[in-house]
Amino acid sequence: MLLRLPTSVSEARECLAEGAVPVGGATLIWAVWQRDGFPEHAVSLRNVPEATAIGSGVLGGAVLLHQLDDRVPEVLRRAAKGVGTGAVRRAATVGGNIAGSSLRDLLPAAIVLDAWAEVLTADGVAEVDLAEVQAKSPVLLSLRWREPVKGAYTKVPDPAGGQVPTIAAAAVDPQGVLRVAVREGYAVSGGSAGADGGGVAELFAGALSGVSEAGRALVRQQVAEALGG
C-alpha cells in the first residue's frame with residue numbers, strides 16, 4: 001500500500017480523484033484490511049494545514065484525539081478523553097471518529113456546539129451539516145462552531161453486557177439557546193430549547209422521544225451542569 005501525504009487541499013483532492021482511500025489512524029479499518037487486503041493507494045490529511053488546525057472555533061479532521069486541549073470547548077475535550085485507550089487516542093483522528101466510526105463519541109459534543117463540517121471530495125471543499133456527515137460519512141476536513149457559554153458531557157462507563165455506552169451532552173450558546181444530544185446504541189439525536197431548560201420536556205416528546213428513561217436522566221444531569229445548577 002502506498003500512503004500519500006499531500007500538503008495542500010488541492011493535492012488531497014487530486015489523490016481522492018485518483019482513487020486513493022482516505023485514512024487517519026486506521027484504528028477502525030486496519031483489521032479489515034489485514035483480512036480483506038490493503039488498498040493500492042491511501043491518503044492521509046495529516047500534513048494538510050486545514051485538517052490539522054485547532055482553536056478559534058475550528059478543529060481539523062486529521063487532529064489526533066489526544067491533542068484536544070483547552071483550545072477547544074470542554075465538551076469536545078471530555079468526548080475525546082472517553083474514547084478507547086491512550087494508545088487509541090494517540091492514533092485515532094477527529095475525522096475518523098465523527099465520519100468514519102459507527103460509534104461517533106464526538107458527535108453529541110459537536111451537535112450541542114451547533115457545529116458544521118467542511119468536507120473534502122474530489123470536486124472540492126463543501127460546508128455540510130452534521131446530519132449529512134452522519135448519512136454519508138464523507139472525508140472530514142474540519143469541524144467549525146460558535147463558542148458556547150458553557151457545556152457538559154458524560155459517557156456511561158462500562159455498560160453491562162457489552163452494550164454501547166450511552167452519551168449525553170448539553171451546551172448553552174451566546175444567544176441563550178440550550179442544545180442537548182444523546183447517543184443510545186448507535187443512534188444519535190439532539191435538539192434545542194431555551195436557556196432556562198424549560199423546553200427539555202418538549203424535546204423528550206419530540207426530537208428525543210426515542211430516548212430511554214435512563215438516557216433522559218443523563219440528559220437532565222448534563223442540562224443542569226450546563227446551566228450551572
Side-chain angles (χ1 to χ4, degrees), residues 1-55 58-69 71-72 76-77 79-111 115-145 164 167 183 186 188:
M1 180 180 73
L2 174 64
L3 177 61
R4 302 173 70 174
L5 298 170
T7 58
S8 67
V9 168
S10 60
E11 288 181 16
R13 285 177 55 195
E14 291 176 6
C15 293
L16 293 176
E18 293 167 5
V21 175
V23 61
T27 57
L28 298 170
I29 57 175
W30 192 260
V32 175
W33 284 352
Q34 288 181 312
R35 182 192 66 206
D36 299 336
F38 287 80
E40 184 177 351
H41 296 275
V43 57
S44 168
L45 303 184
R46 67 191 186 199
N47 290 340
V48 177
E50 291 87 344
T52 55
I54 309 178
V58 62
L59 179 62
V63 173
L64 302 178
L65 298 186
H66 82 98
Q67 294 177 310
L68 272 66
D69 53 26
R71 290 173 289 177
V72 302
L76 281 173
R77 300 199 302 272
K81 288 179 180 178
V83 176
T85 64
V88 168
R89 293 190 293 273
R90 288 190 291 273
T93 63
V94 170
N97 184 273
I98 291 181
S101 169
S102 59
L103 291 174
R104 294 172 167 167
D105 287 46
L106 272 65
L107 183 57
I111 289 173
W116 64 96
E118 291 184 332
V119 299
L120 179 64
T121 72
D123 297 322
V125 177
E127 286 191 358
V128 302
D129 60 26
L130 294 179
E132 185 167 338
V133 173
Q134 292 182 72
K136 298 184 178 180
S137 297
V139 178
L140 186 70
L141 184 64
S142 65
L143 274 182
R144 293 184 177 272
W145 63 88
V164 176
I167 289 172
R183 183 192 76 189
Y186 296 100
V188 180

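Note: hydrogens, waters and symmetry copies are ignored here, and every other heavy atom, side chains too, is used.
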To the nearest 0.5 Å, how far apart are CG in L65 and CZ in R90? 11.5 Å
Should the pair R183-D105 be classified as a salt bridge under the 4.0 Å nitrogen-to-oxygen rule? yes
Just wondering, do V125 and L141 contact through their side chains at under 4.5 Å, heavy atoms? yes
Within the side chain of S101, is there an N or O that forms a donor-acceptor pair under 3.5 Å with the backbone of I98? no
Are L45 and L120 side-chain neighbours, meaning at least one heavy-atom pair lies under 4.5 Å? yes
Under 3.5 Å donor-acceptor, R144 side chain and E118 backbone: no
Write down the atom of W116, the atom of W145, and the distance for their closest heavy-atom approach. CZ3-CA, 3.9 Å
For P39 and V21 the tightest heavy-atom approach is CB-CG2, 3.8 Å
How long is the gap from NE2 on H41 to CD on E18, to the nearest 0.5 Å? 8.0 Å
Just wondering, do N47 and P6 contact through their side chains at under 4.5 Å, heavy atoms? no
Side chains of V119 and V139: does their closest heavy-atom pair fall under 4.5 Å? no
Does E11 come within less than 4.0 Å of R4, counting only side-chain N to carboxylate O? no
Quick one: does any side-chain atom of Q67 pair with a main-chain N or O of V63 as donor and acceptor, under 3.5 Å? no
To the nearest 0.5 Å, what is the distance between CZ on R89 and CG on L68? 11.5 Å
Smallest heavy-atom separation, L64 atom then A91 atom, equals CD2-O, 3.4 Å
Nearest heavy atoms of A109 and L76, plus distance in Å: CB-CD2, 3.9 Å
Between S142 and L59, is there a side-chain heavy-atom distance shorter than 4.5 Å? no
Tell me if a side-chain donor or acceptor on R104 pairs with a main-chain N or O of Q134 at a distance below 3.5 Å. yes
Rounded to the nearest 0.5 Å, how far apart are CG of L143 and CG of L106? 8.0 Å
Keeping the roles fixed (side chain from S137, backbone from A99), state whether a donor-acceptor pair exists under 3.5 Å. yes
List the atom of G24, the atom of T93, and the distance in Å for their closest heavy-atom pair. CA-CG2, 3.9 Å
Check whether any side-chain N or O of R46 sits under 3.5 Å from a backbone N or O of T52 as a donor-acceptor pair, and report yes or no. no
Does any non-hydrogen side-chain atom of I54 lie less than 4.5 Å from one of V58? no
Are the side chains of V43 and V23 in contact, using a 4.5 Å heavy-atom criterion? no
Output for pair (R13 CZ, S8 OG), nearest 0.5 Å, gives 10.0 Å
Shortest non-hydrogen separation from G95 to L140 and the atoms involved: CA-CD2, 3.7 Å
